[in-house]
Amino acid sequence: MSPAVSWRPLWLVLALAPLVVGAQREIDSRLGRHRATEEALFVWSGKAVRLMAPGLENLMADLYWLRTVQYFGGQRVFDRDKRFDLLEPLIEITTTLDPRFELAYRYGAIFLAEPRPNGAGQSEAALRLLEKGAREMPTSWKVRWDAGYFRHLFLDDPSGGARILLEAAQIDGAPYWLRTLAAAMKSKAPGERGFARVLWQQIHDEAEAAPIRRNARFHIDYIDSADRRDALQARVERFHATQARWPQTLGELAVEPKLLADVARVPFDYDANSGRVTISRRSPLWRLERWKAL
Amino acid sequence: MTAETTPALRIAGLAKTYRLGLTGSVTRMALAPLDLTVRRGEIFGYLGPNGSGKTTTLKILMGLVRADAGAVEVLGLDHADPAWRRRAGYLPEHPYFYDYLTPAEYLAYAGRLLGLARGEIAQRSEELLRLVGLSEARDVPMRRFSKGMVQRLGLAQALVNDPEIVFLDEPMSGLDPIGRHLVRNIILDLRERGKTVFFSTHILPDAETLCDRLALLRSGRLLKVGRLDEILAIDVSHFEVLASAGGPELKQAAVAAGANLTGEMGERWRMHVDEQHLPAVVAAVSAGGGRVLGVQPVRESLEEYFFREMGGNTARDPWALGD
Amino acid sequence: MGTGRLSRIVAVAANTHREAVRERVLYNLIFFAILMILSGLLLGQLSIRQDEKIIKDIGLAAMDVFGTLIGVFLGVSLMSKEIERRSLYPLLAKPLSRDEFLAGKFFGLSFTLFVNVVVMALGLYATLFVTGRSADLALLKAVLPIYQGLVLVVAIAVLFSTLTSSALAAVGTVCVVVAGRYSDVVRNMRDVVPDAPAWLIEGLYYAMPNFRNFDFKNRVVYGDPVSWGDLGFVTVYWLLYLALTLSVAAVAFRQRDFQ
């Protein structure tokens, strides 16, 4: 008798484990492309999902929501090849399955409205989504608050935005500052940077989801960088006025070195021939620069 | 040549401790190091109360439970060598064979696992079903079987390869008197044909009537091994006297002469008597108008031995009268 | 010895298949699967141009979902019944090693699932035929990986059954299979839980059986090309993971005391 039991198959286990990982990597590199689209495409309509999982609508909404966050939010905000055409249907399915999923409306709207490549660049669709949210949730001032902001920030419609903010302010439990903001918004020109910063700061401070907060932070950083760039540009102009030439480098300006770079710590580009200071193409913030410039 | 000289079963230092609980920190000793040899051609009884380690021993022998230590040889072959399994049979305790199979199908399955040829299986299965009295039920799915029928099939499957050694775990359990008689005859017939039978039981009369030799087990420890008459000492200093008739005064006279009453069945008295008091007691019975029906040396029954050896709260004084 | 081993494995496999066939619950599941495939007929007529797609979608999904249910149910019940009802005891006393028994169980169950998948595939083709669609052989490129997935389900069920009681084995198998179907969610968990350590998520991702690998339904239904290379690598993964699962099962089964 051999009282000790043989552990021989264990060697097989140890040998096979790394091979399995290797095979999975190969499959991921071959099929990974298809994955995101495949499952998102599988069911296009929230109503169909509702039929397929009776009694489990909220769970299904959560699952679709997870998918949405994973493909369009989070770490991947700046991924290159995102399929933003899938964002609207995914959000649509999620909110049809669970019409009171406030976060889904607000989150979806942000990434629908944001210009490419951060978002889908579909500001109109974003506002449609927020209007659907407002219909489904008559007591939510937050979706209306977002709608007011977005009208101002993405559609350059301050008066329309202000009107929606006032509506929101009338809902029970809405904060009083909505009225102040509405009044301020009405008097602002579209695209006014200081006010936009106030709005983004507000979004940032109130954000419940990290991607929304990150996105707001990104805008605030951009606005601060743009301010910094403008200040630098003004120094360059002054230099030109006194010295009758453009400085060879920004180093000639004798400013604090910190101010020679944007908030993302990428130094500004400077063209010594034209005296133009710009946010560097190497900076992540350049994406917004490009959009604003358009 | 060696086949004839090696023992049928040789167990040396076999030990098992079960580890219980999630971490295995709680242990229960199931078998203290066990040494045992079973000779070829004998019926070997493996006795002990419930939980004494009988089934654990059999499961270790069959490879169902792994021993912690020890060596086992079956038919002269090392336990790890699967070859002896072709020449052995096993009936587990409370066996279950698939509900959805018929006895004929099950025996065919067992035969295939033993590597028997198709024709051989058919012939053996026919014979065995007749032997255990299941011919009528050969094509009935076993979900309709009674406990006794399952037990009979269990015996048939243990014999399907005409084994040289058969291990039977509580072969009589679940059987009616006819079934027990049948199993007893099968076991005796196996010995007749030179086979070795190793069977466990807690039913003492079965062991008493069948075994050539037996082993007694308590709490995982081997108490005694040997022939029945070696284990059950014959006590020549005491006699059992069976007497009949006579009134209460006769009883008193016998007791006064030194008898110890152990039983009363209607007209008959049973008493234990010391060697030195025997003539006086016999005389007292005759004088009182009774008759002495028999005198024989006291022979302990296996049951009495058992109770004495197992001790504890189950102990009873075999000399005491009544309860 | 070699042929003896093979014939013992085949004997166990054949008996396992026989048990599955005589197990009535199995027929209920197949019945529902066929019913679902046929219901594609009905749903297909409700929508206007999409009927062929819907019939295929539902047919393949039914094969996948009901196949998985059958796999978990049979895998767990047929394996743990042997242990819990002790029918295994007289078998292991015969010259049948535990590895051989495990292999026999696994192959028997895999064969049963093969028969099931064939029946369901025939049902799907019949539905397509009745509605006047062409019998699209490319569908088999989705059916084959579905079958591979089901065999993996069985292997996992067998593994769990060697480790624990049938109830726990069923729960464990379902958990692993469901987790394996959401393996991409596991991989992207950092988007939801940014603080989770990367090694943990990577480890989980590669340790779980990746059932997404076997999902070619959508691509096949939309007529996207599925290369043999893709199917080949999925098959390599499948074989490796099967071998791994069964080796772990063998280790566990060898250690087990049948008290």
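Keep in mind that what you see is a predicted model, and the values were worked out from it rather than measured.
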In this structure, are over 12 heavy atoms from other groups packed under 6.0 Å from [X] atom [atom1]?
X        : atom1 : result
B:Arg143 : CZ    : yes
B:Arg144 : CZ    : no
B:Arg184 : CZ    : yes

Walk me through it: do C:Arg256 and B:Arg66 pass the test side chain to side chain contact (heavy atoms under 4.5 Å, CB included)?
-> CA-CA 8 Å; C:Arg256 185 144 179 186; B:Arg66 311 294 193 179; over 6 Å; no
With a 4.5 Å cut-off on side-chain heavy atoms, are [Y] and [X] touching?
X       : Y        : answer
B:Lys59 : C:Tyr89  : yes
C:Asn15 : B:Tyr100 : yes
B:Met62 : C:Lys94  : no
B:Phe97 : C:Ser87  : no

For the student: nearest non-hydrogen atoms of [X] and [Y], plus distance:
X       : Y        : answer
B:Arg85 : C:Ala93  : NH1-O, 3.3 Å
C:Arg8  : B:Leu113 : CD-O, 3.4 Å
C:Pro95 : B:Arg86  : CG-CG, 3.8 Å

Cut-off 4.5 Å, heavy atoms of chain B, and the answer for C:Glu82 is side chain
If one checks every heavy atom of C:Arg98 against chain B at 4.5 Å, the contacting part turns out to be side chain
What's the spacing between [X] [atom1] and [Y] [atom2] if we round to 0.5 Å?
X        : Y       : atom1 : atom2 : result
C:Asp257 : B:Leu64 : CG    : CG    : 9.5 Å
B:Tyr98  : C:Leu91 : OH    : CG    : 4.0 Å
B:Leu114 : C:Leu96 : CG    : CG    : 9.5 Å

Problem - Side chain C:Arg86, main chain B:Pro92, donor-acceptor under 3.5 Å - result: no
So what's closer than 4.5 Å to chain C heavy atoms on [X]: side chain, backbone, both or neither?
X        : result
B:Tyr109 : side chain
B:Pro95  : neither
B:Leu91  : neither
B:Phe167 : neither

*Any chance you could lay out the side chain to side chain contact (heavy atoms under 4.5 Å, CB included) test for C:Gln259 and B:Thr55, step after step, and finish with the verdict?*
CA-CA 9 Å; C:Gln259 294 189 39; B:Thr55 294; over 6 Å; no
Is any side-chain N of the basic residue among B:Asp99 and C:Arg22 closer than 4.0 Å to the acidic one's carboxylate O? no
